[in-house]
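Down below is the structure, laid out as structure tokens.
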Amino acid sequence: MSFHRQIIAEKKIPAAPETGAAAHGQNLAMVGPDDTRFDTVFALIRQTTGATHVCAQFNGDAPLPVPVGLNCLEAPLMQQSQRIGTLRAFASSFAPNAEALLSSFAALVVDHAALWLEAHRDALTGAMTRRAFADDLTRALSENRRDGTEYSLIMFDLDNFKAINDSFGHAAGDAVLRTVGAAVQSELRLEDRFGRLGGEEFGVLVAADADTALDIAERVRVAIEQAVAPECPDVRFTASMGVAECDIDCDTVDTLMAQADARLYAAKASGRNAVRGTKALTRKRHIN
């Protein structure tokens with residue numbers, strides 16, 4: 001990786017009112033206020049620059065408010081000459097060389113994030129691993145309980161996937177999974193999360209209410225239905241989806257996943273290639 005290092009001088013930024021936690025961007029890293037993967041780097045930044053608060057915000061994250069009475073120092077997070085986010089430090093006063101130090105630490109944060117993502121990405125589909133996805137679900141539910149930030153979960157799996165493996169071979173099955181991974185990610189927003197839960201089952205964590213998640217699920221369903229795997233263009237595939245919203249009835253990872261999973265199987269029972277939410281929020285498959 002090559003980095004273009006740029007320093008934004010220390011500046012006073014008006015304090016913003018307390019708001020919900022930042023949405024997590026899905027590009028190089030998924031980082032939020034409850035994230036602990038940068039704890040060691042952030043501790044070093046605080047120790048050497050005099051900062052009292054540090055955060056990394058990647059493209060797609062909502063801006064976090066500046067703590068009242070503090071100055072903000074920023075350094076861009078750069079990957080191959082592309083700005084992918086911002087490293088921010090807050091203090092009443094910084095050490096004399098804080099700007100240069102923060103710029104150096106920005107490169108370290110990018111390297112650390114890239115290594116983390118590589119270790120937590122499913123090699124076949126490009127989705128997050130089940131463990132990493134579950135960690136983000138846990139953080140999302142924590143944010144929802146703390147400040148009411150809206151989140152919904154889409155769970156889906158591919159219809160009759162075993163038949164694809166049996167009829168065309170596992171190489172074709174892998175080609176389908178790769179194609180599905182690309183199709184799904186093409187329809188998601190930066191703040192949404194895409195994870196592989198196992199086999200042909202996937203999850204999407206949507207930073208929005210169930211109605212928005214339902215619309216996203218329908219776009220994803222159509223994208224999968226229309227996708228073609230280059231290695232096996234004659235193999236057709238579809239997906240069934242269930243949507244659940246994080247609310248008082250779904251306030252744990254287990255209950256949220258159970259409700260989305262139940263609706264996924266209701267979509268299969270209705271004829272497959274469909275999206276099922278609440279009774280009032282359901283999208284039926286298109287009939288050609």
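Along the sequence shown, residues are numbered consecutively beginning with 1.
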Under the side chain to side chain contact (heavy atoms under 4.5 Å, CB included) criterion, do Val220 and Ile154 qualify, and how do the steps go? CA-CA 10 Å; Val220 169; Ile154 302 167; 5.8 Å; no
Please determine whether side-chain hydrogen bond (donor to acceptor under 3.5 Å, both in side chains) holds for the pair Asp147 and Thr149, giving the CA-CA distance in whole Å, both sets of side-chain angles, and the decisive distance to 0.1 Å. CA-CA 6 Å; Asp147 54 32; Thr149 303; 2.6 Å; yes
Run the side chain to side chain contact (heavy atoms under 4.5 Å, CB included) test on Asp192 and Ile216 for me, step by step, so that the C-alpha distance in whole Å, both residues' side-chain angles and the decisive distance to 0.1 Å come before the verdict. CA-CA 10 Å; Asp192 300 326; Ile216 292 173; 3.8 Å; yes
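With values rounded to the nearest 0.5 angstrom, Glu231 atom CD is found 9.5 Å from Asp174 atom CG. Once rounded to the nearest 0.5 Å, the distance linking CZ of Phe202 with CE of Met155 reads 11.5 Å. Considering CD1 of Ile224 and CD of Glu187, their distance stands at 9.5 Å, rounded to 0.5 Å. Between atom CE of residue Met241 and atom CG of residue Leu214 there is a gap of 10.5 Å, rounded to the nearest 0.5 Å.
Pairs passing the ring-ring contact (aromatic ring centres under 6.0 Å, His included) check and including a residue from residues 117-139, sequence neighbours excluded, read Trp116-His120.
With a 4.5 Å cut-off on side-chain heavy atoms, Arg189 and Val206 count as touching.
Closest non-hydrogen pair, Phe38 versus Val109, comes out as CE2-O, 3.7 Å. Heavy atoms only, all atoms of each residue included: Arg88 and Glu74 are closest at NE-OE2, 3.3 Å. Scanning both residues, Asp261 and Glu201, for their nearest heavy atoms gives OD1-OE2, 3.3 Å. Among all heavy-atom pairs drawn from Arg263 and Ala244, the shortest one is NH1-CA, 3.7 Å.
Ring orientation note: the planes of His53 and Phe90 are nearly perpendicular, at an angle over 60° on the 30°/60° scale.
For the side chain to side chain donor-acceptor pair (under 3.5 Å) criterion with Tyr151, the lone passing option out of Glu245, Arg139, Glu143 is Glu143. Exactly one residue among Leu44, Leu87, Thr49 makes a side chain to side chain contact (heavy atoms under 4.5 Å, CB included) with Val54. That residue is Leu87.
Residue Tyr265 is grouped with residue Leu153 when hydrophobic side chains (ILVMFWY) are merged at heavy-atom distances under 4.5 angstrom, including chains of intermediate members. Under the 4.5 Å side-chain heavy-atom criterion for Ile, Leu, Val, Met, Phe, Trp and Tyr, Phe156 and Leu124 are members of the same hydrophobic cluster.
The closest side-chain donor-acceptor pair between Asp209 and Thr212 falls under 3.5 angstrom.
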Anything under 3.5 Å between a donor and an acceptor, one on a side chain of residues 232-240, the other on a protein residue two or more places apart or in another chain? List them.
residue	atom	partner	partner atom	Å
Arg236	NH2	Glu225	O	3.3
Thr238	OG1	Asp159	OD2	2.7
Ser240	OG	Asp159	OD1	2.7
Ser240	OG	Asp159	OD2	3.4
Ser240	OG	Asn273	N	3.1

